[in-house]
Enquirer: 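Submitted below is the structure of interest, expressed as structure tokens.
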Amino acid sequence: MGKKFDEAQAKVTEELYAPLEALALVKDIAFADFDETVEMHVRLGIDTRQADQQLRGTVSLPNGSGKTVRVAVFAEGDAARAAEEAGADIVGSDDLIADIQAGKIDFDATVATPEMMAKVGRLGRILGTRGLMPNPKLGTVTPDVAKAVKELKGGRVEYRADRYGICHVIIGKKSFTPEQLAENYGVVFDEILRMKPAAAKGKYVKSVTVTSSMGPGVPVDGSVNRAYTTPAAE
């Protein structure tokens with residue numbers, strides 16, 4: 001993987017770390033010359049092939065994600081004006097749909113009013129494969145488009161278990177303090193625990209790892225589910 005990666009990995013000496021210690025170590029061993037994204041990866045004891053064991057939702061990070069999110073809004077009239085005032089990057093109706101059909105996709109998230117979904121549904125094959133389709137379960141199909149835009153701009157992130165039962169979630173940037181990262185981590189972890197599918201059997205949280213974009217993974221003690229920003233007891 002390279003000399004710098006090997007040197008960073010050599011500093012991961014414990015089997016498990018408390019969340020705050022793990023994230024402080026992630027910052028310490030991050031070696032890239034840019035502000036790396038910090039992620040958490042939670043392996044869960046669920047079978048996402050079963051309809052009653054799906055896990056997907058959104059959560060707002062108290063310290064933001066550190067990522068600039070470009071938001072496109074499908075709306076007309078007053079809702080369109082509200083979206084613009086809330087800071088939406090792109091607002092439109094038939095014109096926005098035509099641009100997307102022509103291959104112009106210059107945004108990271110979408111919001112739509114319920115009335116627009118009959119038209120937006122035509123974009124399912126284009127936006128769906130990119131994870132960009134507005135979804136009422138994620139709060140992105142809503143009459144209150146201004147609120148949705150502000151939340152997305154302010155650091156709301158999506159969590160979703162993949163086919164292996166692993167959630168991959170952005171929790172900040174290398175430039176964040178360990179306490180900011182640990183606070184964001186705690187909010188996401190609490191939400192994943194809260195949303196445990198009723199049909200899940202056996203051990204729910206199998207492992208938790210935090211890492212920067214280019215760095216090695218640091219294992220986190222998944223039994224720690226409170227006081228995330230407190231150092232581990234000696």
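Computation of the quantities below employed the complete heavy-atom set of this structure, encompassing side-chain atoms and omitting hydrogens, waters and symmetry-equivalent molecules.
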Enquirer: Using 0.5 Å steps for rounding, measure from the CG atom of Leu181 to the CG atom of Leu20.
Expert: 9.5 Å

Enquirer: Within a strict 4.5 Å, meaning less than it, do heavy atoms of the Tyr185 and Val208 side chains meet?
Expert: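 The answer is yes; the side chains approach within 4.5 Å.
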
Enquirer: Are any side-chain N or O atoms of Lys153 and backbone N or O atoms of Val69, one a donor and one an acceptor, separated by less than 3.5 Å?
Expert: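 It does hold such a pair.
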
Enquirer: Using every non-hydrogen atom in the two residues, find where Val210 and Ala22 come nearest and quote the distance to one decimal.
Expert: CG2-CB, 3.8 Å

Enquirer: In terms of hydrophobic clustering (I, L, V, M, F, W, Y; side-chain heavy atoms under 4.5 Å; direct or indirect links), are Tyr17 and Val38 co-clustered?
Expert: yes

Enquirer: Give a yes or no answer on whether the side chain of Lys174 reaches the backbone of Lys27 with a donor-acceptor pair at less than 3.5 Å.
Expert: no

Enquirer: Could you please spell out the steps behind the side chain to side chain contact (heavy atoms under 4.5 Å, CB included) verdict for Met116 and Glu76?
Expert: CA-CA 8 Å; Met116 285 297 302; Glu76 297 175 325; 4.0 Å; yes

Enquirer: State, to 0.1 Å, how close Ala83 and Val91 come at their nearest heavy-atom pair, and which atoms those are.
Expert: CB-CG2, 4.0 Å

Enquirer: May I ask you to test the Val71-Asp108 pair for a side-chain heavy-atom distance under 4.5 Å?
Expert: no

Enquirer: Glu7 vs Lys4, test: salt bridge (charged side-chain N to carboxylate O under 4.0 Å, His left out). Steps then yes/no.
Expert: CA-CA 5 Å; Glu7 290 174 348; Lys4 289 184 177 180; over 6 Å; no

Enquirer: Indicate yes or no for a side-chain donor-acceptor contact from Asp95 to the backbone of Ser93 under 3.5 Å, with no hydrogens or angles considered.
Expert: yes

Enquirer: Cluster question for you: counting only ILVMFWY and a side-chain heavy-atom cut-off of under 4.5 Å, with indirect links fine, are Val141 and Phe107 together?
Expert: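 Yes: a chain of side-chain contacts under 4.5 Å links Val141 to Phe107.
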
Enquirer: Do Leu44 and Cys167 come within less than 4.5 Å of each other through their side chains, counting heavy atoms only?
Expert: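 In contact.
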
Enquirer: If you compare all heavy atoms of Val12 against all heavy atoms of Pro219, which two are closest, and at what distance to 0.1 Å?
Expert: CG1-CD, 3.8 Å

Enquirer: Can you find a heavy atom in the side chain of Phe189 that is under 4.5 Å from one in the side chain of Pro19?
Expert: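 When only atoms from C-beta onward are counted, Pro19 and Phe189 do not touch, as no gap falls below 4.5 Å.
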
Enquirer: Does either side chain, that of Glu179 or that of Thr229, offer a donor lying less than 3.5 Å from an acceptor on the other one?
Expert: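 No.
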
Enquirer: Answer yes or no: is there a side-chain heavy-atom contact under 4.5 Å between Ile97 and Asp99?
Expert: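 Contact flag for Ile97/Asp99 side chains = no.
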
Enquirer: When rounded to the nearest 0.5 angstrom, what distance separates CG in Asp28 from CG in Leu23?
Expert: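 Separation between the atoms: 12.5 Å.
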
Enquirer: Rounded at 0.5 Å granularity, tell me how far CZ in Arg156 sits from OG in Ser60.
Expert: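 Between Arg156 CZ and Ser60 OG, I get 6.0 Å after rounding to 0.5 Å.
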
Enquirer: Under a plain distance cut-off of 3.5 Å, with no hydrogens placed, do Asn135 and Thr140 share a side-chain donor-acceptor pair?
Expert: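 No - no donor-acceptor pair under 3.5 Å links their side chains.
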
Enquirer: For the CG atom of Leu123 and the CE atom of Met117, what is their distance to the nearest 0.5 Å?
Expert: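 Output value for this atom pair is 9.0 Å.
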
Enquirer: Return the minimal non-hydrogen interatomic distance between Val149 and Ala86, and the atom names on each side.
Expert: CG1-O, 3.7 Å

Enquirer: Do Leu61 and Val26 belong together in a cluster built from hydrophobic side chains that touch within less than 4.5 Å?
Expert: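 Hydrophobic grouping puts Leu61 with Val26.
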
Enquirer: Kindly indicate whether the side chain of Val111, heavy atoms from C-beta on, has any atom under 4.5 Å from the side chain of Phe74.
Expert: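 Heavy-atom side-chain distance check fails, nothing below 4.5 Å.
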
Enquirer: Closer than 3.5 angstrom, by distance alone: can the side chain of Ser212 be matched with the main-chain N or O of Ala30 as a donor-acceptor pair?
Expert: no

Enquirer: So, Asn63 and Glu183: side-chain donor and acceptor under 3.5 Å apart, yes or no?
Expert: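 Distance-only check passes for Asn63 and Glu183.
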
Enquirer: We want to know whether Asp221 and Ser223 form a side-chain donor-acceptor pair, criterion being a heavy-atom distance below 3.5 angstrom.
Expert: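 Yes, because at least one side-chain N or O of Asp221 sits under 3.5 Å from a partner of the opposite role on Ser223.
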
Enquirer: Distance check, rounded to the nearest 0.5 Å: Met195 atom CE versus Leu55 atom CG?
Expert: 6.5 Å

Enquirer: Please evaluate residues Asp78 and Arg81 with respect to the criterion salt bridge (charged side-chain N to carboxylate O under 4.0 Å, His left out), reporting the C-alpha separation (whole Å), side-chain torsions for both, the decisive distance (0.1 Å), and the verdict.
Expert: CA-CA 5 Å; Asp78 291 342; Arg81 285 187 286 275; 2.3 Å; yes

Enquirer: If I compare all heavy atoms of Ala112 with all of Val120, which pair ends up nearest, and what's the gap?
Expert: CB-CG2, 4.5 Å

Enquirer: Backbone N or O of Pro216 within a donor-acceptor pair of the Thr211 side chain at under 3.5 Å?
Expert: yes

Enquirer: Should Leu16 and Leu193 be regarded as members of a common hydrophobic cluster, given that ILVMFWY residues are connected when their side-chain heavy atoms come within less than 4.5 Å of each other, either directly or indirectly?
Expert: no

Enquirer: If you count heavy atoms of other groups shown closer than 6.0 angstrom to NZ of Lys150, is the number above 12?
Expert: no

Enquirer: Within the supplied structure, the quantity of interest is the number of heavy atoms (other residues, nucleotides, ligands) at a distance under 6.0 Å from Phe34 CZ; does it exceed 12?
Expert: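 Yes.
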
Enquirer: Please check if the side chain of Gln53 supplies one atom and the backbone of Asp47 the other of a donor-acceptor pair under 3.5 Å.
Expert: yes

Enquirer: Is the backbone of Ala51 close enough, under 3.5 Å, to the side chain of Gln54 for a donor and an acceptor to pair up by distance?
Expert: no

Enquirer: Are any non-hydrogen side-chain atoms of Thr113 and Thr142 less than 4.5 angstrom apart?
Expert: no

Enquirer: What distance do Thr58 atom OG1 and Arg160 atom CZ have between them, rounded to the nearest 0.5 Å?
Expert: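 The OG1 atom of Thr58 sits 13.0 Å away from the CZ atom of Arg160.
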
Enquirer: Linking I/L/V/M/F/W/Y whenever any side-chain heavy atoms sit under 4.5 Å apart, do Ile46 and Val205 land together?
Expert: yes

Enquirer: So Leu25 and Ile29, do their side chains get closer than 4.5 Å, heavy atoms only?
Expert: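 A side-chain contact under 4.5 Å exists here.
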
Enquirer: Have a look at Met40 and tell me which of Val169, Ile170, Val220 forms a side-chain contact (heavy atoms from CB on, under 4.5 Å) with it.
Expert: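 Result for side-chain contact (heavy atoms from CB on, under 4.5 Å) with Met40: Val169.
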
Enquirer: Taking atom CE as the centre, does Met214 end up with more than 12 heavy-atom neighbours from other residues, nucleotides or ligands that are less than 6.0 angstrom away?
Expert: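 Counting other residues, nucleotides and ligands, CE of Met214 stays at 12 neighbours or fewer.
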
Enquirer: Give the intermediate values and the outcome of side chain to side chain contact (heavy atoms under 4.5 Å, CB included) for residues Glu158 and Leu138.
Expert: CA-CA 8 Å; Glu158 180 180 351; Leu138 301 179; 3.9 Å; yes

Enquirer: Does a donor on one side chain sit under 3.5 Å from an acceptor on the other, for Lys173 and Thr37?
Expert: yes

Enquirer: What pair of heavy atoms forms the shortest contact from His41 to Glu39, and how long is it?
Expert: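 Looking at all heavy atoms of both residues, the closest pair is NE2-OE1, 3.0 Å.
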
Enquirer: Glu36 and Ser213: side-chain donor and acceptor closer than 3.5 Å?
Expert: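 Per modelled atom types, Glu36 and Ser213 side chains form no pair under 3.5 Å.
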
